[in-house]
Amino acid sequence: FRLAEATPDPGLKARRFVVTVGGAEHPGNKFLAQQDRDWLTRAGAQVRYNTYPGVGHSLPPGFGDLLPEWAAFILGGK
């Protein structure tokens with residue numbers, strides 16, 4: 001499934017998403033993350049896009065601190 005093939009729902013304009021990818025991730029996965037970010041942005045969603053240099057297919061350093069920030073953003077915080 002690819003977002004590019006989907007029709008955006010108007011309700012996305014009221015949604016927030018966090019898209020993350022490691023800088024050392026496989027190039028195809030980095031490309032998909034960028035496509036997802038772009039599609040969601042064009043659909044009117046608020047998107048926080050994060051890349052983590054040197055991180056592969058794993059959680060970024062400080063994940064325990066980042067997760068509450070991401071959740072607050074998704075739920076309507078800053």
Side-chain angles (χ1 to χ4, degrees):
F1 178 77
R2 303 247 193 265
L3 281 178
E5 300 167 3
T7 302
D9 185 288
L12 285 172
K13 292 178 180 172
R15 303 279 183 167
R16 296 169 178 227
F17 293 85
V18 175
V19 178
T20 66
V21 66
E25 178 63 87
H26 184 276
N29 290 341
K30 291 195 289 189
F31 179 72
L32 288 174
Q34 292 165 349
Q35 279 190 323
D36 292 348
R37 172 203 61 199
D38 295 345
W39 187 92
L40 288 163
T41 300
R42 283 192 306 275
Q46 293 182 49
V47 180
R48 182 177 288 177
Y49 180 76
N50 303 303
T51 59
Y52 295 94
V55 175
H57 196 76
S58 61
L59 298 173
F63 175 74
D65 295 325
L66 294 168
L67 184 59
E69 293 175 20
W70 296 346
F73 174 76
I74 291 167
L75 296 173
K78 53 183 175 172

Determine the minimum heavy-atom distance between V55 and L59, stating which atoms define it. CG1-O, 4.2 Å
With no hydrogens and no angle check, is any side-chain donor or acceptor of K30 less than 3.5 Å from a backbone partner on G22? no
In the structure I gave you, are the side-chain heavy atoms of T20 and P60 within less than 4.5 Å of one another anywhere? no
In terms of hydrophobic clusters joined by side-chain contacts under 4.5 Å, are Y52 and F73 together? yes
Distance, nearest 0.5 Å, that separates CZ of R48 from CZ of F17: 14.0 Å
Closest non-hydrogen atoms of T7 and W39, given as atom of the first, atom of the second and distance, are C-CZ2, 4.2 Å
What are the two closest heavy atoms between A33 and V21, and how far apart are they? CB-CB, 3.9 Å
Does W70 have any ring-ring contact (aromatic ring centres under 6.0 Å, His included) partners at least two apart in sequence or in another chain, and if so, which? F63
Nearest non-hydrogen partners of N29 and H57, listed with the distance: ND2-ND1, 4.1 Å
What closest approach, in Å, do L12 and A43 show between heavy atoms, and which atom pair accounts for it? CD1-CB, 3.8 Å
d(Q46 CD, L40 CG) to nearest 0.5 Å is 12.0 Å
Are Y49 and Q34 close enough that some pair of their side-chain heavy atoms sits under 4.5 Å apart? yes
